[in-house]
Amino acid sequence: EVQVVESGGSSVQAGGSLRLSCAASGVSFDDYSIGWFRQAPGKEREGVSCISSGDGSTKYVDSVKGRFIMSREKIGNMAYLQMNSLTPEDTAIYFCVVGFLRPCTVRLEKLKGRMHYWGNGTLVTVSS
């Protein structure tokens, strides 16, 4: 059974930092890419960053480039999202997804038709 569990969400002030964690069991990061997506109130879910299976190459959407860093630990099946210089626009529920595709994707539609598993999300609130 595959399980994906996010943690680390919290309330912070603008300019602050948070580190989100994603624990995945039942999959291997040699085969599964990992992605972080987020969903703000009243908005659609959007991609944030991802890291590919195998070589571990990363992608970031423009709005977080230079502020967020994604990493993974293959031993222990953990992924992380270090978020710096947070703004109120980063307020959202953050979801981790593991997907059987390479390279990884920050586009939700590219997960369709591919085996993938979502966590339940962790809430990040950034106040001004």
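Reckoned from all heavy atoms, side chains included, excluding hydrogens, waters and symmetry mates. Note that the numbering runs from 1 along the sequence shown for the chain.
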Contact check, side chains of Tyr117 and Val97, non-hydrogen atoms, under 4.5 Å: no
Heavy-atom side-chain proximity of Leu81 to Val48 below 4.5 angstrom: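 Sidechains of Val48 and Leu81: in contact.
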Using 0.5 Å steps for rounding, measure from the [atom1] atom of [X] to the [atom2] atom of [Y].
{"X": "Ile51", "Y": "Arg72", "atom1": "CD1", "atom2": "CZ", "answer": "5.0 Å"}
{"X": "Asp31", "Y": "Leu101", "atom1": "CG", "atom2": "CG", "answer": "11.5 Å"}
{"X": "Met70", "Y": "Cys96", "atom1": "CE", "atom2": "SG", "answer": "6.0 Å"}
{"X": "Leu123", "Y": "Gln39", "atom1": "CG", "atom2": "CD", "answer": "12.0 Å"}

Identify the residue among Ser52, Ser33, Cys104 that makes a side-chain contact (heavy atoms from CB on, under 4.5 Å) with Ser57.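 That would be Ser52.
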Glu73 (side chain) donor-acceptor with Ala79 (main chain) under 3.5 angstrom: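 Side chain of Glu73 to backbone of Ala79, a donor-acceptor pair under 3.5 Å: no, none is there.
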Examine distances only and state if a side-chain atom of His116 and a backbone atom of Leu111 form a donor-acceptor pair shorter than 3.5 Å. yes
Among residues two or more places apart or on two chains, list those pairs meeting side chain to side chain donor-acceptor pair (under 3.5 Å) that have a residue in residues 92-114. Arg38-Tyr94, Ser53-Arg102, Arg107-Glu109
Ser71: what forms a side-chain contact (heavy atoms from CB on, under 4.5 Å) with it, not counting sequence neighbours? Tyr80
Among residues at least two apart in sequence or on other chains, which ones pass side-chain contact (heavy atoms from CB on, under 4.5 Å) with Thr87?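 Testing Thr87 for side-chain contact (heavy atoms from CB on, under 4.5 Å), a comparison that skips the adjacent residues, returns Arg67, Glu89, Asp90.
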Pair Val106-Tyr60, side-chain contact (heavy atoms from CB on, under 4.5 Å): steps then yes or no: CA-CA 7 Å; Val106 291; Tyr60 299 91; over 6 Å; no
Look at the side-chain heavy atoms of Ile, Leu, Val, Met, Phe, Trp and Tyr, link any pair under 4.5 Å apart, and say whether Val5 and Met78 land in one connected group. no
Phe95 and Met83: same hydrophobic cluster, using ILVMFWY side-chain contacts below 4.5 Å? no
Ring pair (Phe, Tyr, Trp, His ring centres under 6.0 Å) partners of residues 36-56, not counting sequence neighbours, each pair once: Phe37-Trp118
Can you sort out the partners of Phe68 under ring pair (Phe, Tyr, Trp, His ring centres under 6.0 Å), two or more places apart, ordered by chain and number?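 Checked Phe68 against ring pair (Phe, Tyr, Trp, His ring centres under 6.0 Å); zero matches.
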Donor-acceptor pairs under 3.5 angstrom involving side-chain atoms of residues 7-30: please list them, not counting sequence neighbours.
unit_1	atom_1	unit_2	atom_2	d
Ser17	OG	Asn84	OD1	3.0
Ser28	OG	Asp30	N	3.1
Asp30	OD1	Lys74	NZ	2.4

